[in-house]
Amino acid sequence: MRFQAYFTPLIKIILYIMATISFIGLIVGILVLAGVRIELSLGQATLLVSICPICTIIALLFATLHYKVDSTNLRLYIGFIDLFGGKVRIDKILNIVIDKNIMYISYLYKGMDPIIAAIAISPKRYNEMKDLLIARNPNIVFYENENDFGNCKQ
């Protein structure tokens, strides 16, 4: 199952504006290099053609940031690249904590010390992800509030 990373509406708007402006800059740079008469020097056009595609790709990659839960792993993708590289195995997740409208998981990667990671998805989908992870690993302990361990739910 796929969970889109949560960005505030302002950050989403900024990412898409950055991608759009960079794409337009790329087109203008290509037009100048192709001989279309625009008030830019050849150096400025070359700079646009070399920098704008990188900015466009970066903005679009962050706009496509998402989590994917498969049968064995929790994965974080930026575009098509798995950033965790399969390091978060569902059978190694110890806890899920939701505190102050942020979801955290603790899991074992190497050794006995757990790693704590914040999961940046929409708070509306916290229960859906929690239920999915617990269905795949019933040993995960869920805490609604990290300071309230008396209300532990399994």
Side-chain angles (χ1 to χ4, degrees), residues 1-111 113-137 140 142-143 146:
M1 178 165 285
R2 181 182 165 130
F3 295 88
Q4 188 67 33
Y6 178 74
F7 293 108
T8 63
L10 178 63
I11 298 297
K12 284 182 185 178
I13 290 169
I14 289 170
L15 285 171
Y16 284 112
I17 288 173
M18 183 175 136
T20 304
I21 290 172
S22 296
F23 185 72
I24 291 169
L26 172 64
I27 298 299
V28 168
I30 289 171
L31 290 173
V32 169
L33 291 177
V36 176
R37 190 149 170 89
I38 299 176
E39 294 296 321
L40 286 177
S41 70
L42 203 55
Q44 291 170 327
T46 304
L47 185 64
L48 282 174
V49 170
S50 61
I51 298 290
C52 287
I54 296 168
C55 294
T56 302
I57 290 168
I58 289 171
L60 291 175
L61 284 175
F62 276 100
T64 62
L65 192 68
H66 65 280
Y67 294 88
K68 193 170 189 178
V69 178
D70 60 27
S71 60
T72 58
N73 293 317
L74 171 63
R75 299 177 185 276
L76 175 62
Y77 285 93
I78 185 165
F80 56 87
I81 302 165
D82 181 5
L83 293 178
F84 290 159
K87 293 178 186 171
V88 182
R89 290 186 28 204
I90 294 173
D91 63 340
K92 298 291 185 179
I93 295 177
L94 305 171
N95 302 311
I96 297 174
V97 176
I98 299 176
D99 184 43
K100 296 179 182 146
N101 218 16
I102 300 173
M103 178 184 249
Y104 300 95
I105 62 166
S106 64
Y107 64 96
L108 296 175
Y109 175 56
K110 290 183 179 176
D113 293 329
I115 296 171
I116 299 172
I119 304 297
I121 61 172
S122 172
K124 295 174 186 173
R125 298 203 63 199
Y126 284 168
N127 285 331
E128 188 179 349
M129 180 177 269
K130 173 192 65 103
D131 293 342
L132 183 62
L133 292 172
I134 290 175
R136 290 199 164 86
N137 178 1
I140 295 174
F142 172 67
Y143 299 101
E146 69 181 9

Quick check against the 3.5 Å criterion: does Asn137 have a side-chain atom that pairs as donor or acceptor with the backbone of Ile90?
yes
Looking at every heavy atom in both Ser22 and Cys52, which two are closest together, and how far apart are they?
O-CB, 3.0 Å
In Å and rounded to the nearest 0.5 Å, what is the CG to CG distance from Leu26 to Leu31?
9.5 Å
Is there a side chain to side chain contact (heavy atoms under 4.5 Å, CB included) between Leu108 and Leu94 once you walk through the steps?
CA-CA 7 Å; Leu108 296 175; Leu94 305 171; 4.0 Å; yes
Reported CG-to-CZ distance for the pair Asn73 and Arg136, which is rounded to 0.5 angstrom:
10.5 Å
Which atoms form the tightest heavy-atom contact between Leu133 and Ile140, and what is the distance?
O-CD1, 3.6 Å
Nearest 0.5 Å please: distance from the CG atom of Leu15 over to the CG atom of Leu10.
9.5 Å
If you count the non-hydrogen atoms of other residues, nucleotides and ligands that lie under 6.0 Å from OH in Tyr126, is the total more than 12?
yes
Where Asn95 and Tyr143 come nearest, the two heavy atoms and their spacing
OD1-CE1, 3.7 Å
For Val69 against Leu74, the heavy-atom pair lying closest together:
CG2-CD1, 3.7 Å
Can Val97 and Ile116 be said to form a side chain to side chain contact (heavy atoms under 4.5 Å, CB included), step by step?
CA-CA 10 Å; Val97 176; Ile116 299 172; over 6 Å; no
So, using side-chain contact (heavy atoms from CB on, under 4.5 Å) as the criterion, who are the partners of Arg2 when residues are at least two apart?
Gln4, His66
Hey, could you give me each pair passing ring-ring contact (aromatic ring centres under 6.0 Å, His included) that has a residue in residues 2-27? Not counting sequence neighbours.
none
Are the side chain of Tyr109 and the backbone N or O of Lys92 linked by a donor-acceptor pair below 3.5 Å?
no
For the residue pair Met18 and Ala59, what are the closest heavy atoms and their distance?
CE-CB, 3.9 Å
To the nearest 0.5 Å, tell me how far Tyr67 OH sits from Ile121 CD1.
8.0 Å
How long is the straight-line distance from CG of Asn127 back to CZ of Phe142, given to the nearest 0.5 Å?
6.5 Å
As an exercise, state the distance from NZ of Lys110 to NZ of Lys87, rounded to the nearest 0.5 Å.
7.5 Å
Per side chain to side chain contact (heavy atoms under 4.5 Å, CB included), Ile24 is matched among Ile27, Thr20, Ile21 by Thr20
Correct closest heavy-atom pair for Val49 and Gly29 would be CG2-C, 3.3 Å
